[in-house]
Colleague: 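Quick one: the structure is below, and I'll ask about it shortly.
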Amino acid sequence: AGIAASMEIFGVSKYISVPAGAFFVWWLVVKGNYKSVEKAFLAACVFYKLLMIAFCFAFISACSQENKQEAVFDSFQEKLLAQDYEGLYQLLSAEARDYITEEDFVTKYTNIYSAIEASDMKMEKGEIDAENGIIPFSLTMDTIAGEISFTDFQLELVEEDGEYKMNWDESLIFPSMEKGDKVRITAKKSARGSILDRDGNTLAEDGTINTVGIHPAVFDESNREEKITELASTLDISESVITDKLDANSNPDHFVAIVNILPSDPKLESLQARDAEGILINDKDARVYVNSPAFGRLLGYVGAITAEELEKNEGKGYLDTSLIGKTGLEQVYEETLRGTDGVEIYVERDGAKVETIMEKAPENGEDIKLTIDSELQEKIYTEMNGEKGSASAVHPKTGEVLALVSSPSYDANRYTTYVTKTEQQKREESEFADEENRFSKLYSPGSTFKLITAVAGLEQGTIEPNEKVTIDGKSWQKDSSWGNYSITRVNSQASVDLKTAIKYSDNIYFAMSALDMGSNALLDGAKNFGIGEELSIGYPFNTSQMSNDGSIENEIQLADSGYGQGEVMVTTLNMALAYSALSNDGNIMTPSLIATNNQEATVWKESAIPSDYLSMLQDDFSAVVNEDGGTATDAAISGVRLAGKTGTAEIKASQDDEDGSENGWFVATDLDSSKISIAMVIEDVKDKGGSHAVTPIVKNVLSSYLN
């Protein structure tokens, strides 16, 4: 057996070695040489043991070699996944260190992996070829283009001074890479969703604008200064804008962009076909808006993403070249409107693409459709004629928001084109009034709030509509505890009922009514109209209030609140919705700004005006417009039954303040067709007729809309 085993170690087949060993022993036995048998057997066993010891030493040595190689791989894996490129460089062989410096090595890995946004890397080791020092492995990672997976990496190891080191080249970044190759990332632009009005008209979309620029080599050949003067005058910009850009350019054959401009801008006409003079007009992709300031505050605009915004939106697919919504609907619906740019990661060699590593197709953004009526929006803005103020209109039967106007506003195209000198001067003169969004702003509602007080008093039974209340003079206070404070009115009727108080806007009557019902009843009555609740229409509004802290503890504050002063603050949308109840069986519908498929109107505030009082209040608030002596008779439209209310809200530091300002209000709703309820406030109307600065504007708007 020992002989046979020994022979097998040298590669002799067991089919030969076993019979051969047995024959040898048999022959010795036949000869009677038992000593020789014993010696042969012992010699064979010793020889077998020696061979086995040698084999074990060789096996242990091979295992030690493999363990060392595996340890190097483990270290390589640990440092690569941790993106410790300095530590990774320490594993390189002397040959690899001659091939690339540590600085270049770290820079290469850092630039490539950060550019592709490598993260969540995972590695899996294959079967080690210890004899050749080869360790195959696979690598997966998340990138800006999605998950990348490679199965054909090979880590080559060499022994140096008893230790194993890595033979490194670019194929350990990506298997197809060679020395000198570059990794490129190309964005594949997506389309941003459009913003449409209720009729499908485009208010904002991706489109094309023009860039007016200069070819310096041609432009400077003759009449340079004259052309600069002419160009500046045509574009309505300072000459320094042109000269500064030209002076900053060092390449005479480089196109120097001066301004972006809408293709429809008449200023372009005199600049066409002037290439021979060095004046060029190029096309440029850009966000294009409806060419009207009526929509600027509502739509907002997009702009280049900032470093702060890029950091805030990390992981959402934005690049440093991306555009992002800055204000208005563009900002509010950024996630809906924005497309996700596609991206291609590829290896470039000698200026040519050699392999696409990963590619992700672009995904276009979604359109949003508004309930806004563009013609109504434009009409309101035009009629407001640049006065500071706000207007909101709703459809009483559906709750659809038909208009949201902030005046003055801006043409959103100025953020993709430029601001002329003339426009900038107007902005400075108005102290940049266009930067405030007034349709989401809170205002004191003044006497327009009397609808809410009237309903609350009727429900509590503290207002008897036909009961005559005696009021002497134009000034009143409850008692001497009020000190010097008193409430004033513009009318002087000695005997006042509810209709008279509404028609003539009697502050004293409604102050008394508020005191009679108490603060809790007035607060509850306001809640029935949504005052104090968030307006969830898909656009951020300031939340209306009855007081700064939600309670009314002071008698004077309660009395003032009854006619819309005190600390009562609302938006024009709040008041348009409140008066819409007069045109919708006493109900207020859920307001909506975004139109959706199969959209169903739902009730937000059921019986805000109880049916028992609806007809009476329709008549009372109609008298404001349609009966002699009403405060809004200048808003009457022939053949149209309007119900409404004027209001003048005083903005004073104290009751004795004679320098305070006034805001004028008018809220109206059409009772017959129930097509529109509109509220408008104009700021600082003290010397412009108070609320009568507003009523003619609303009349013109309603005449146009209803007819």
Side-chain angles (χ1 to χ4, degrees), residues 72-92 96-97 99-126 135-156 166-190 305-322 324 338-349 353-363:
V72 175
F73 178 87
D74 291 343
S75 184
F76 163 68
Q77 175 177 281
E78 175 189 351
K79 296 184 185 307
L80 181 63
L81 298 188
Q83 298 185 14
D84 176 12
Y85 307 129
E86 290 89 351
L88 190 60
Y89 188 78
Q90 305 310 312
L91 302 177
L92 267 59
R97 288 167 182 256
Y99 177 80
I100 188 170
T101 66
E102 181 175 1
E103 181 181 359
D104 289 345
F105 180 86
V106 172
T107 300
K108 188 180 288 287
Y109 265 105
T110 301
N111 288 349
I112 292 174
Y113 277 20
S114 63
I116 67 174
E117 297 184 12
S119 64
D120 195 24
M121 290 188 288
K122 298 181 179 67
M123 295 175 66
E124 187 172 334
K125 179 176 67 218
I135 304 179
F137 66 94
S138 61
L139 173 66
T140 58
M141 65 178 83
D142 288 336
T143 72
I144 195 171
E147 185 180 86
I148 298 177
S149 181
F150 300 96
T151 59
D152 50 350
F153 279 109
Q154 286 198 330
L155 182 65
E156 182 181 343
M166 294 166 40
N167 259 346
W168 185 92
D169 62 25
E170 282 79 3
S171 66
L172 283 176
I173 299 177
F174 293 131
S176 63
M177 283 189 70
E178 299 177 0
K179 187 171 186 178
D181 287 354
K182 293 178 171 56
V183 175
R184 298 295 191 192
I185 302 173
T186 301
K188 296 181 176 294
K189 188 171 176 57
S190 61
I305 195 168
T306 64
E308 182 180 358
E309 290 168 332
L310 195 59
E311 182 179 356
K312 182 180 178 181
N313 291 280
E314 185 178 359
K316 293 184 178 180
Y318 288 97
L319 303 173
D320 56 7
T321 56
S322 296
I324 192 170
R338 70 172 287 243
T340 303
D341 287 346
V343 65
E344 181 182 12
I345 303 172
Y346 62 92
V347 175
E348 181 184 274
R349 184 176 303 150
K353 183 198 303 184
V354 294
E355 182 188 25
T356 295
I357 301 298
M358 189 65 184
E359 186 172 12
K360 183 178 74 172
E363 297 179 11

Colleague: Compare all side-chain heavy atoms of Thr340 with those of Pro362 and state whether any distance is below 4.5 angstrom.
Modeller: no
Colleague: May I have the step-by-step check of side chain to side chain contact (heavy atoms under 4.5 Å, CB included) for Glu314 and Glu117, ending in yes or no?
Modeller: CA-CA 10 Å; Glu314 185 178 359; Glu117 297 184 12; 6.0 Å; no
Colleague: Is the backbone N or O of Met358 less than 3.5 Å from a side-chain atom of Thr356, with the two atoms forming a donor-acceptor pair by type?
Modeller: no
Colleague: Between Asp341 and Ser190, do the side chains contain a donor N or O and an acceptor N or O under 3.5 Å apart?
Modeller: yes
Colleague: Less than 4.5 Å apart, side chain to side chain, heavy atoms only: is that true for Glu355 and Met177?
Modeller: no
Colleague: Could you give me the CA-CA distance, side-chain angles and deciding distance for Gln83 and Met121, then say whether side chain to side chain contact (heavy atoms under 4.5 Å, CB included) is met?
Modeller: CA-CA 10 Å; Gln83 298 185 14; Met121 290 188 288; 3.9 Å; yes
Colleague: Please work out whether the ring planes of Tyr85 and Tyr109 are parallel, tilted or perpendicular, with thresholds of 30° and 60°.
Modeller: parallel
Colleague: Could you tell me whether the side chain of Glu124 reaches within less than 4.5 Å of the side chain of Ser138, counting heavy atoms only?
Modeller: yes
Colleague: Of the non-hydrogen atoms in Asp181 and Ser176, which two are nearest, and what is the gap between them?
Modeller: OD2-O, 3.9 Å
Colleague: Roughly how far, to the nearest 0.5 Å, is CZ of Arg184 from CD1 of Ile357?
Modeller: 13.5 Å
Colleague: To check you understand the geometry: which heavy-atom pair defines the closest contact between Ile116 and Val183, and what is its length?
Modeller: CG2-CG1, 4.5 Å
Colleague: Would you say that Met123 contacts Leu80 through its side chain, given a criterion of any heavy-atom pair below 4.5 Å between the two side chains?
Modeller: yes
Colleague: Out of curiosity, Thr321 OG1 to Lys189 NZ, how far, rounded to the nearest 0.5 Å?
Modeller: 8.0 Å
Colleague: Which atom pair, heavy atoms only, marks the closest approach of Val106 to Thr110?
Modeller: O-OG1, 2.7 Å
Colleague: Taking the side chain from Asn313 and the backbone from Lys316, do they hold a donor-acceptor pair closer than 3.5 Å?
Modeller: no
Colleague: Closest heavy-atom contact between Ile148 and Thr143?
Modeller: CD1-CG2, 3.5 Å
Colleague: What are the two closest non-hydrogen atoms of Arg97 and Leu92, and how far apart are they?
Modeller: NE-O, 3.3 Å
Colleague: So, applying side chain to side chain contact (heavy atoms under 4.5 Å, CB included) with Gln90, which one of Lys79, Glu102, Met166 is it?
Modeller: Glu102
Colleague: Determine yes or no for a side-chain-to-main-chain donor-acceptor pair under 3.5 angstrom, with Arg338 supplying the side chain and Ile324 the backbone.
Modeller: no
Colleague: Establish, from distance only, whether the side-chain atoms of Thr306 and Glu309 form a donor-acceptor pair under 3.5 Å.
Modeller: yes
Colleague: Quick one: sort the Phe105 and Trp168 rings into parallel, tilted or perpendicular, breaks at 30° and 60°.
Modeller: perpendicular
Colleague: Should Glu344 and Lys360 be marked as a salt bridge (Lys or Arg N to Asp or Glu O under 4.0 Å) after you check the CA-CA gap, both sets of side-chain angles, and the distance that decides it?
Modeller: CA-CA 6 Å; Glu344 181 182 12; Lys360 183 178 74 172; over 6 Å; no
Colleague: Just by distance, with hydrogens left out, do Tyr89 and Glu103 show a side-chain donor and acceptor under 3.5 Å apart?
Modeller: no
Colleague: Any donor-acceptor pair under 3.5 Å linking the side-chain atoms of Glu147 with those of Thr140?
Modeller: no
Colleague: If you apply the rule side chain to side chain contact (heavy atoms under 4.5 Å, CB included), what do you find for Gln154 with Ile135, and how did you get there?
Modeller: CA-CA 6 Å; Gln154 286 198 330; Ile135 304 179; over 6 Å; no
Colleague: If you measure from OG on Ser119 to OH on Tyr113, what distance do you get to the nearest 0.5 Å?
Modeller: 12.0 Å
Colleague: What closest approach, in Å, do Leu155 and Phe76 show between heavy atoms, and which atom pair accounts for it?
Modeller: CD2-CD2, 3.9 Å
Colleague: Taking C-beta and beyond as the side chain, do Lys179 and Tyr99 meet within less than 4.5 Å on heavy atoms?
Modeller: yes
Colleague: Distance under 6.0 Å and angle within 45° of the ring axis: does Lys353 meet both against Tyr346?
Modeller: yes
Colleague: With a 4.5 Å limit on heavy-atom distance, are the side chains of Lys122 and Leu139 in contact?
Modeller: no
Colleague: For salt bridge (Lys or Arg N to Asp or Glu O under 4.0 Å), just list the numbers for Glu348 and Lys182, CA-CA rounded to whole Å, side-chain angles, deciding distance to a tenth of an Å, and then say yes or no.
Modeller: CA-CA 5 Å; Glu348 181 184 274; Lys182 293 178 171 56; 5.8 Å; no
Colleague: Any chance you could measure Tyr318, atom OH, to Ile305, atom CD1, to the nearest 0.5 Å?
Modeller: 6.0 Å
